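Have a look at the structure below, then the notes.
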Amino acid sequence: MALPIFASDALSSVAYAPQELLMILLTGGLAFLAFSPWIAAAVVVLLIVVVISYRQLIKAYPSGGGDYEVARTNLGEVPGVVVASALLVDYVLTVAVSVSSGVDNIISAIPVLAPGRVELAVGFVILIIVVNLRGVREASLLFAIPTYVFVGSVAVMIVVGLAQTALGNPPVASSAEFAVQAEDLTQAAVILLVLRAFSSGCSALTGVEAVANGVPAFRKPKVRNAQTTLALMGTIAVLLFAGLTALALISGVHYAENPCNLIGFDCESMVQPSLMAQVASATFGMGSIPFFIIQAATAAVLLLAANTAFNGFPLLGAVLARDGYAPKALNTRGDRLVFSNGMIILGIAAIGVIVLYQANLTTLIQLYIIGVFVSFSLGQIGMVRHWRKILRETTRTEARRDAAAAAERRATIKGLIINSIGASLTVFVLVIVTITKFTHGAYLVFIAIPILATLMIGVNRYYRDVEHEIEMDDGEHFGASGDIALILVNRLQKPVAKAIDYALAAKHDKTVALHVAVTKQEAEALQKQWEEHRMPIPLIIIESPFRTYAGPVAEFIKQYREKHGSTVVTVYLPQYIVGHWWESLLHNRRAGRIGQQLMLIHGVTIALVPWLLDSSELIYGRRSRPVPGQERAGRPFEAVPEGAPPVERSSLERPDEI
């Protein structure tokens, strides 16, 4: 079960890596395809080295932090956030590339869907978001079936195609008859073209780090099971990549970056099939059942690879939030116990990238591989630092005396050698990828990663400063002189009565109602109602000639404190609770705005008193409740008790008479 869960991204990349490799070479003409076996061999060697290197990482860091944990622990804060930024960018591009490639293979089987390429891609991303927000078991058999069908069907296709070739009847691709309009290249351009083809082929390495990030999810023994899964993934990926590349060359697949460069191909009315579709049709026949099985399995596993990013991105976001490098909201689980905020952010970012690049796989690939090798390189360099640190702690003298120490030292030296080779190769490839892809759009990734890293460090500094600011110390003192409750009143209605009841139940030293008079007529009408209903607390009316609310209230509080000292003020604000989204647009939400402004005044506490409108039963399953105290008193409003002070009218000039 671990293989389809963690390896779908890496295995699915073989669906587009050979295609991109051959496509770049074909830019220089058909003769350049002679370089493809050597370039494919270099990619295979690199893949093997990276897999072996990550087996060492799993052993050293089984906690599941992956490259981020390795870089942050061994190289420091800045490399750690750079790796995290690269991984976040990589996850976004994983969704965009995988979905775009999946749609590409669907269109290759059903060309009539070509005009809706972008809409299909966006629709699949939205579907994946919804499915993940609903909560999905990672170990579900539903996730295993597409991966194994893909691996099995492609393996069968490779075996059948090679068998046909051995019997003297090699498969022939539909594009084999088309010549290519090549570009004139200088000697330097030839070298760059070969290196660019190699960097595009390196997209087969994407997703290798997923197993290292998911070690905690394995059953015991976790490290051994994770290493075994990684080895299986690497072996299958190597065989599929090499087999597909060989079969594409044998069948004569000609896949051009610009289909109009294929001489004889009608690029206006026809859709250029993907490499996978061309090889499948050459091997089994266009429109055959095996052809549709391979195309369906390829599209499914690519969409599953996109879903893998919806597991990795939110988890990394939660780790960064716990470390203080991302907003705390990313560490919040939804009602389905998933990190829903991270999933939504990933989905929106991926949709933006897909729409911006029109789900063009070739263009997206140019952005994709940079973030992968940034994390690879820093992770491997961090592992080299890790092994060197252990070697310094274990002296040769101790190793001679203790057999266990000697074995540990040998294992450390082995790990150092492996990761040193891995670091050297990945850094070398990162340089190649940067040089060959920078002007083809990769510069955007080099802009995005530093910006994200800077934002992460800024967020961390902000949380650090806030923590220092609110830290408890012995200089804090408790106890304030005086306590007054202010109930803000616009009109005399049930929500106001409920707020008054709450304030009276809290037994403040003083409780008064406060009305900000915008017009004289409203103030007089409210005063008349107040006297008619014999309200149990005094009403204070303050004028607001500029039709503002929070300002006059703040001035009232200031003058009251000048007279009575540092009084604690509690402001009660009635607020409607509605059940329909459109009802929020029909209410002015003045209470919330006033509360936001009054909270800036030291010593003021805001108490929002909810009044549930009948529509709120859609949320809470019940209708509005009676005013607190109404049932106990048997009447709508609390009567004025004997001996209570008379109702009075005050103004801003008389706050001392309260």
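In this text, all values refer to a predicted model and were calculated from it rather than measured experimentally. The first residue of the sequence shown is numbered 1, and numbering continues consecutively from there.
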For the student: nearest non-hydrogen atoms of M233 and A10, plus distance: SD-CB, 3.5 Å
Validation row, ring centre F376 to ring centre F373 under 6.0 Å: yes
Residues F241 and A40: closest non-hydrogen pair is CE2-O, 3.7 Å
Charged N to carboxylate O under 4.0 angstrom, R464 versus E471? no
In this structure, CD1 of I370 is separated from CG of L430 (nearest 0.5 Å) by 6.5 Å
For T147 and S8, which I'm curious about, is there any donor-acceptor pair between the side chains at under 3.5 Å? no
Can you tell me if Y325 and E77 form a side-chain donor-acceptor pair at under 3.5 Å? yes
Note: G422 and V49 closest approach over all heavy atoms is CA-CG1, 3.8 Å
With a 3.5 Å cut-off and no angle check, do the side chains of Y54 and N419 form a donor-acceptor pair? no
Quick one: are Y16 and D104 in side-chain contact, heavy atoms under 4.5 Å? no
Tell me which one of T235, V211, V215, L3 satisfies side chain to side chain contact (heavy atoms under 4.5 Å, CB included) with L230. V211
So, S274 and N105: side-chain donor and acceptor under 3.5 Å apart, yes or no? yes
Calculate, to the nearest 0.5 Å, the distance between atoms OG and CG belonging to S98 and L364 respectively. 10.5 Å
Under a 4.5 Å cut-off applied to non-hydrogen side-chain atoms, are K437 and V445 in contact? no
Criterion side chain to side chain donor-acceptor pair (under 3.5 Å) on S13 and S203, from CA distance to verdict: CA-CA 7 Å; S13 62; S203 58; over 6 Å; no
